[in-house]
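These notes are about the structure you will find just below.
Numbers here simply count residues along the sequence, with the first being 1.
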Amino acid sequence: MRAADRAHVFHSWSAQGHIDPLPIAGAAGSWFWDHAGNRWLDFSSQLVNVNIGHQHPKLVAGIAEQAARLATVSPAFANDARAEAARLIAEVAPGDLNRVFFTNGGAEANEHAVRMARVHTGRHKVLAAYRSYHGATAGAIALTGEPRRWGSEPGTPGVVRYWGPYPYRSAFHAGSEEEESARALEHLRQTMVMEGPHTIAAVVLETVVGTNGILVPPPGYLEGVRALCDEFGVLLIADEVMAGFGRCGEWFAVDHWGVVPDLITFAKGINSGYVPLGGVVISDAVADTFRDRPYPGGLTYSGHPLACASAVVSMGVFREENILEHVRTLGEKVIGPELRALAERHPSVGDVRGLGVFWALELVRDRETREPLVPFNASGTDAAPMAEFTAACKASGLWPFVHFNRTHVVPPCTITEEEVRYGIALLDRALDVADRHTTAA
């Protein structure tokens with residue numbers, strides 16, 4: 001397997017000659033293992049997408065049943081699995097977001113949301129945050145603000161960058177969350193004014209920024225963005241590819257703040273990645289644009305029956321197993337308190353933030369100066385402290401999700417309290433490695 005992989009598989013985001021992917025034999029619940037029997041507690045949910053855990057028997061059975069009945073059909077036809085998945089999603093979406101356009105994943109969802117916004121408004125610019133990731137297709141990577149976009153530039157025109165809130169490393173020299181929110185909103189307002197509101201189709205944001213830090217918006221920020229969009233006739237696109245479907249303890253993370261976007265993009269947690277699926281949830285106003293005017297887009301596998309059947313089963317599992325309530329309880333009573341206790345013990349932990357099963361520890365060399373444990377976008381020897389920390393986690397049986405100078409605690413939504421505490425105990429030991437690189441060492 002390893003030889004065939006190295007000879008023929010071209011891997012994402014990698015220098016092909018410098019990787020040796022681990023062959024995986026199986027998985028169940030919150031765990032996966034290799035062919036030698038080594039097991040890891042999945043604190044990454046793979047790519048923060050296995051929300052109901054590995055190999056959930058009901059989801060596996062639902063896919064098999066649909067495959068036996070109707071494996072595929074063109075999106076031009078009506079299909080019961082597709083219609084039911086769309087109905088269920090619209091049922092839990094906020095406000096008047098009543099229609100769903102299905103895609104194969106989150107990047108395509110963001111591509112189509114932007115296309116809808118541009119056609120609906122007749123404008124071409126889209127404002128996107130620097131600390132963001134929206135996918136790797138041409139339009140989605142152009143929206144992305146972090147370094148993964150650099151290799152694809154120059155990209156799709158019309159994207160304008162802005163700084164979102166990040167209280168721990170404020171771009172606005174704010175002294176409180178409230179001040180951070182107010183200053184970030186004023187910055188966004190000035191950006192919109194200088195760009196010309198009549199040229200802006202949409203503001204796109206991750207409701208809770210994912211890979212780039214688990215940045216929970218401070219009080220008033222999302223409400224303020226909604227108000228600015230309303231003032232200038234700009235659409236609000238909420239990218240919930242990572243934050244949605246239970247990750248933050250709600251169907252959609254925006255529900256925490258009572259904000260209704262014009263478009264919501266989703267993928268990942270809708271069916272835990274068992275079959276590729278994403279989509280855009282569309283407000284009535286945007287949908288009405290295409291009542292008599294053809295929508296200029298489509299996909300061969302839009303609303304694929306196997307994917308939609310898995311979404312229907314998955315949403316049933318969320319309800320039957322009270323997963324949203326379970327996630328809220330874990331975040332408030334277990335993960336949050338335990339991670340804050342880690343920060344008390346480890347000088348390398350500069351900040352703890354998150355909600356639900358969506359958390360980050362920001363690792364630093366010096367708590368006073370907040371110097372990151374490794375430089376921004378570090379590689380090679382500069383990234384060695386994080387590489388050592390990551391290796392310590394994996395050696396102990398914990399599979400982490402790391403990015404830059406952060407480790408994220410993003411296990412499946414179905415993880416048990418006992419498993420969470422066990423994983424955090426392993427994280428506790430691995431942080432001893434990070435502590436060696438601090439000024440307190």
- With sequence neighbours left out, what residues match Tyr168 under ring-ring contact (aromatic ring centres under 6.0 Å, His included)? none
Do you know the tightest heavy-atom contact between [X] and [Y]?
{"X": "Ala140", "Y": "Glu111", "answer": "N-OE2, 3.1 Å"}
{"X": "Asp5", "Y": "Pro21", "answer": "OD1-CG, 3.5 Å"}
{"X": "Thr438", "Y": "Pro347", "answer": "OG1-CG, 3.9 Å"}
{"X": "Ala309", "Y": "Gly62", "answer": "CB-O, 4.4 Å"}
{"X": "Ser181", "Y": "Pro219", "answer": "OG-O, 3.0 Å"}

- Task: Using a 4.5 Å cut-off on heavy atoms from C-beta on, say whether the side chain of Leu361 contacts that of Trp359.
- Result: no
- Message: Go through it in stages, so that I can follow the logic: the residues are Val48 and Thr211, the test is side chain to side chain contact (heavy atoms under 4.5 Å, CB included), and I'd like the CA-CA distance, side-chain angles, deciding distance and then a yes or no.
- Response: CA-CA 9 Å; Val48 198; Thr211 304; 6.0 Å; no
Pairing of [X] and [Y] as salt bridge, 4.0 angstrom limit:
{"X": "Glu332", "Y": "Arg328", "result": "no"}
{"X": "Arg87", "Y": "Glu84", "result": "yes"}
{"X": "Glu362", "Y": "Arg370", "result": "no"}
{"X": "Asp351", "Y": "Arg367", "result": "no"}
{"X": "Glu388", "Y": "Arg436", "result": "no"}
{"X": "Arg421", "Y": "Glu417", "result": "yes"}

- Query: Ring centroid separation for Trp257 and Tyr221, is it under 6.0 angstrom?
  - Reply: no
Verify, without hydrogens or angle tests, whether [X] (side chain) and [Y] (backbone) share a donor-acceptor contact under 3.5 angstrom.
{"X": "Ser30", "Y": "Leu41", "result": "no"}
{"X": "Asn51", "Y": "Phe245", "result": "yes"}
{"X": "Asp262", "Y": "Leu236", "result": "yes"}
{"X": "Arg353", "Y": "Gly213", "result": "yes"}
{"X": "Trp40", "Y": "Lys394", "result": "yes"}
{"X": "Asn322", "Y": "His326", "result": "no"}
{"X": "Glu177", "Y": "Pro167", "result": "no"}

Can you tell me if [X] and [Y] form a side-chain donor-acceptor pair at under 3.5 Å?
{"X": "Ser348", "Y": "Asp435", "result": "yes"}
{"X": "Asp428", "Y": "His346", "result": "yes"}
{"X": "His112", "Y": "Tyr295", "result": "yes"}

- Query: Rounded to the nearest 0.5 Å, how far does CZ of Arg148 lie from CD of Glu146?
  - Reply: 4.0 Å
- What distance separates Leu398 CG from Arg429 CZ, expressed to the nearest 0.5 Å? 10.0 Å
More than 12 heavy atoms of other groups within 6.0 Å of [X] [atom1]:
{"X": "Phe376", "atom1": "CZ", "answer": "yes"}
{"X": "Glu368", "atom1": "CD", "answer": "no"}
{"X": "Arg99", "atom1": "CZ", "answer": "no"}
{"X": "Glu91", "atom1": "CD", "answer": "yes"}

- With Tyr133, which of Thr144, Asn110, Leu143 fulfils side-chain contact (heavy atoms from CB on, under 4.5 Å)? Thr144
- Message: Using the rule given for side chain to side chain contact (heavy atoms under 4.5 Å, CB included), can you reason through Asp20 versus Arg6, listing the C-alpha separation, both sets of side-chain angles and the distance that settles it, and then say yes or no?
- Response: CA-CA 7 Å; Asp20 186 16; Arg6 291 178 66 85; 3.7 Å; yes
